[in-house]
Amino acid sequence: MEKYAVKNKGEDKFWADQVADDVIERVESSEFLKSLAKKHGYIAYDEKTPSGTIHIGSGRGWIIHDAIAKALRDKGVKARFILSSDDTDTLDKPSKELSKEDNEKYRGMSFRDIPSPVKGYKHFGDYYFRQCTELFPEFGIEAELESTGDEYCKGSFNKTIKIALDNADKIQKIYAELYGEDVASANKLPFNVKCPECRKIATTIALEWDKEKEKLYFECKEGVVEWAKGCGHNGWISPYDGNGKFPWKVEWAAKWPTKSVIVETAGKDHFTKGGSRTAACRFAVDVFSYPPPYPSDGYETGPGYEFFNVGGKKMSTSKGQGLGFADSVNYAPAKMLRFMLIRTRPNAAIDFEPYGSNDLILLYERYDQAERVYFNKEDLGEKENRRQKRIYQLSHIGKIPDRFPPQVSLLHASMLVQMFESEHQMIESLQKTGQLPAHAPEEELECIKERLNFARKWVKEFADEQYRFKLQHKAPEGLRLEHKQKKALHEIARLLKEKEYDEKLLFNEFYNVSKGLQLKPEEFFTSAYKVLLNKERGPKLAPFIIAVGKEKVIRLFESV
Ligand SMILES: [Zn+2]
């Protein structure tokens, strides 16, 4: 089911470009889609129910749609990514974010009719949706935001509502075929009225559709759902202009013609056999006469994207639901998360573990490598170079710099933040080692400072014990070294006094000196770390000594 990259085998395109090519081919082959694309642009669409804290996994979908829209634009077509907040969905399970009383009161209502838990937001749904979308600039996500509820109120769905109600029997038949004749949806009209009295949606049932008058007879009552009580109101009502909503599988399909959607993928949990995507594809084809968006093809759903989890074990147990999108920036900078999601094919699962693992070190190394390849500073072979350059382009936020920016690895940055008190000293050290030019432009300096800041956080919160240290001001009390070890340290101190070393030359001296004294190199390294850090191990010694500054090291080595 590898639909994302099958068509042009051998060319081995980057996944987003492959999707863009497949989508363009699909549109070009259909007069209907061609006219839609001409009128509205290629619409990549995604949606999310703001029922509470939105999981980081949804963020994967936003980045995927954003990347597809960008890849389409890079191919010269007009493309837009629209993200809708499904704020007409109803609170059906008790929310942890609401008090017991409020859960009682609001269950069965739309998230747009429940007050925001925090002031300054329009409603409950708006609050949770905006927790995410306010971070979009930081993630480089360019999306047009809308609210499904607003679209209902504007009448955008009126046409599809009429089609669905006129064809209620078809919809019921599809529900029965997929889920059995006994399911409730197979036996009722496919529209849920919002009770004008109590404003609940889940407690109403539509019993009759007057096709001529375009009115629904509905009752709001007990027993429609077990978990919420209706108020007893009933009557005839127009289903249009925000007076209710579709059941959500029908709604998914109704959105496609309504918003002229050409691309919409979702998490693979929606793409299981007979799942919501299967139903939506059936409704789209059989009821709305609309071709389901990519990656679906007619009744065939195609594949959804894989899961994305951050800090699986540690965090999912404490919160019971995994990490929220808005919280993810506490575990890695947005630009690094974006890079991770762009570089990974949508059909590969991601489990990112910031705590006590090498995941963050690796992530930064891969980012830096992609940057080096982009600026032709590293060669990984033609094919891989092409891939890395594309990853860098699509994951970069804002304008790509004109020249190769200075790079400081996360490990080196973590060393600096533990070695020096002030940022000024760190910058000075980087200038001394030549990792940062003396007059670096402001934006390059900012990038380095950002990395130093994150390195500080990494050391404090995430790094394994082996990456933590404290530079000693004098040789630790009670330090015991062999005679040969002391001699080796003295010898290195002497050499440091004599000449200037770069990392490589200094590293070689460690081996020369050890060999000359018939000392095992490991014993030399252990003694150096003990004197400098009061630990048996530490960061790479040569760059460390150069970064600390040799005066300090000479003094410490001579003191033993
Ligand atoms: Zn009611």
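Order of appearance sets the numbers: ligands from 1, and atoms from 1 within every ligand.
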| K194-T88 side chain donor-acceptor pair, cut-off 3.5 Å | no
| field | E151, E47, H40 screened by side chain to side chain donor-acceptor pair (under 3.5 Å) with K259, the one that passes | value | E151
| field | Angle subtended at the Zn ion (ligand 1) by C231 SG and C198 SG, rounded to 10 degrees | value | 110°
| Can you tell me if H233 has an N, O or S atom under 2.8 Å away from the Zn ion (ligand 1)? | no
| message | Does D86 form a side-chain hydrogen bond (donor to acceptor under 3.5 Å, both in side chains) with T148? I'd like the steps, not just the answer. | response | CA-CA 5 Å; D86 279 346; T148 304; 2.6 Å; yes
| Angle at the Zn ion (ligand 1) (to 10°), with one arm to SG of C220 and the other to SG of C195 | 110°
| message | Would you say the ring centers of F111 and Y106 fall short of 6.0 Å from each other? | response | no
